[in-house]
Amino acid sequence: MSDANAIIRTENLHKRFGTNHVLRGIDLSFPEGTTTVILGGSGTGKSVLMKHLIGLLKPDQGRVLVDGENICDLDGTDLTRLRAKFGMVFQSAALFDSMNVLDNVAFPVREHRKDLSEPQIGDLVKEKLALFGLEGIEDKYPADLSGGMRKRVGLARAIIMDPKIVLYDEPTTGLDPITTDYVDESIIRAKEKLKVTSVVISHDIASAFKVADAVAFLFGGQVVAYGSPDEIRRSEHEAVRKFLGTWLRKN
Ligand SMILES: Nc1ncnc2c1ncn2[C@@H]1O[C@H](COP(=O)(O)OP(=O)(O)OP(=O)(O)O)[C@@H](O)[C@H]1O
Ligand SMILES: [Mg+2]
């Protein structure tokens, strides 16, 4: 876990909800321009960890450095400024139900780019939707869309500002294999072309190993294994072996 070129770093992160001690000392570095995949069983704190990276949750102990700034200390306009470096795909698509697709995807742009005209915003939205195979749905509302389409609208919104860092919480859950490939390819392309740093939570191990430079395996509130996909495949840790077991036997 080399720290030298980390764009995000967590230090001894602890988070409790009541008596539920979810994060128990997470030290992780996310090097600039790389993709880190977070693996772990359901309820191990993957989403909670990701929300700390963007300052949506504050830790009970420890800190999160983004470009050297402790995001846990920021609020108001300082937090908004730092967050502009991020795009986030939420586990549930988390679209605004009362807004159509255009307004949902345009939301970050309207927040941060007051200089753009409506036609410019419209073109930008169209371009990002097309990346995920969506066309002509700008006037539709989330309730009119299938789960997979909502997910893809969420993906388009996450990258609309061409952020330096993109956090993906289960980006391919509920998507068909072709769209899953689209998403994987877009993560890889963003890294290669734009040096984007990605953090991906995934249950899809094949797709995780395809996009990952590094994998962090969460268990019992801690990172119990960290390394390249090959290193994780060879991990001796019991929880990792169990998690990968079925999949490894098939591949
Ligand atoms: N806002 C909250 N208030 C109280 N408890 C919470 C909150 N958010 C998460 N938790 C608890 O923290 C634990 C970890 O939740 P988290 O959503 O991070 O799991 P996860 O690893 O993302 O699981 P999954 O793979 O099912 O998405 C769970 O026990 C959950 O109930
Ligand atoms: Mg989750």
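Counting convention: from 1, in listed order, for ligands and their atoms alike. Numbering starts at 1 and runs along the sequence shown.
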* Asked: Under 6.0 Å between the ring centres of F217 and Y226?
  -> no
* **salt bridge (Lys or Arg N to Asp or Glu O under 4.0 Å) assessment of R233 paired with D230** => CA-CA 5 Å; R233 266 194 203 94; D230 273 343; 2.7 Å; yes
* Asked: Less than 4.0 Å between a side-chain N and a carboxylate O, is that true for D73 and R63?
  -> no
* Asked: Under 4.0 Å between a Lys/Arg side-chain N and an Asp/Glu carboxylate O for K51 and D169?
  -> no
* Asked: So is G18 close enough to ligand 1, meaning a heavy atom under 4.0 angstrom away?
  -> no
* Asked: Does ligand 1 have an atom under 4.0 Å from some heavy atom of G43?
  -> yes
* **Option set N20, L39, D169, criterion heavy-atom distance to atom 30 (C) of ligand 1, minimum** => N20
How far is [atom] from its nearest protein heavy atom, and which residue and atom name does that atom have?
atom: atom 24 (P) of ligand 1; result: S42 OG, 3.6 Å
atom: atom 15 (O) of ligand 1; result: V48 CG2, 3.9 Å
atom: atom 17 (O) of ligand 1; result: S47 CB, 3.6 Å
atom: atom 12 (O) of ligand 1; result: V22 CG2, 3.3 Å
atom: atom 25 (O) of ligand 1; result: K46 NZ, 2.8 Å
atom: atom 2 (C) of ligand 1; result: F17 CE2, 3.4 Å

* Asked: Going through the checks in order, is the salt bridge (Lys or Arg N to Asp or Glu O under 4.0 Å) test met by R83 and E111?
  -> CA-CA 11 Å; R83 274 201 192 136; E111 285 266 278; over 6 Å; no
* Have a look at L28 and tell me which of I8, L49, T36 forms a side chain to side chain contact (heavy atoms under 4.5 Å, CB included) with it. => L49
* Polar protein atoms (N, O or S) that approach the Mg ion (ligand 2) to under 2.8 Å -> S47 OG, Q91 OE1
What atoms of ligand 1 come closer than 4.0 angstrom to any heavy atom of [X]?
X: G41; result: 21 (O)
X: T44; result: 19 (O), 21 (O)
X: H203; result: 25 (O)

Under 3.5 Å, which donor-acceptor pairs link side chains of residues 38-46 to any protein atom two or more places apart or in another chain?
from, atom 1, to, atom 2, distance (Å)
T44, OG1, G41, O, 2.6
K46, NZ, G40, O, 3.1
K46, NZ, G41, O, 2.8

* Using the salt bridge (Lys or Arg N to Asp or Glu O under 4.0 Å) rule, take R9 and E11 through it: C-alpha gap first, then chi angles, then the decisive distance, then the call. => CA-CA 7 Å; R9 200 165 84 222; E11 291 176 355; 2.7 Å; yes
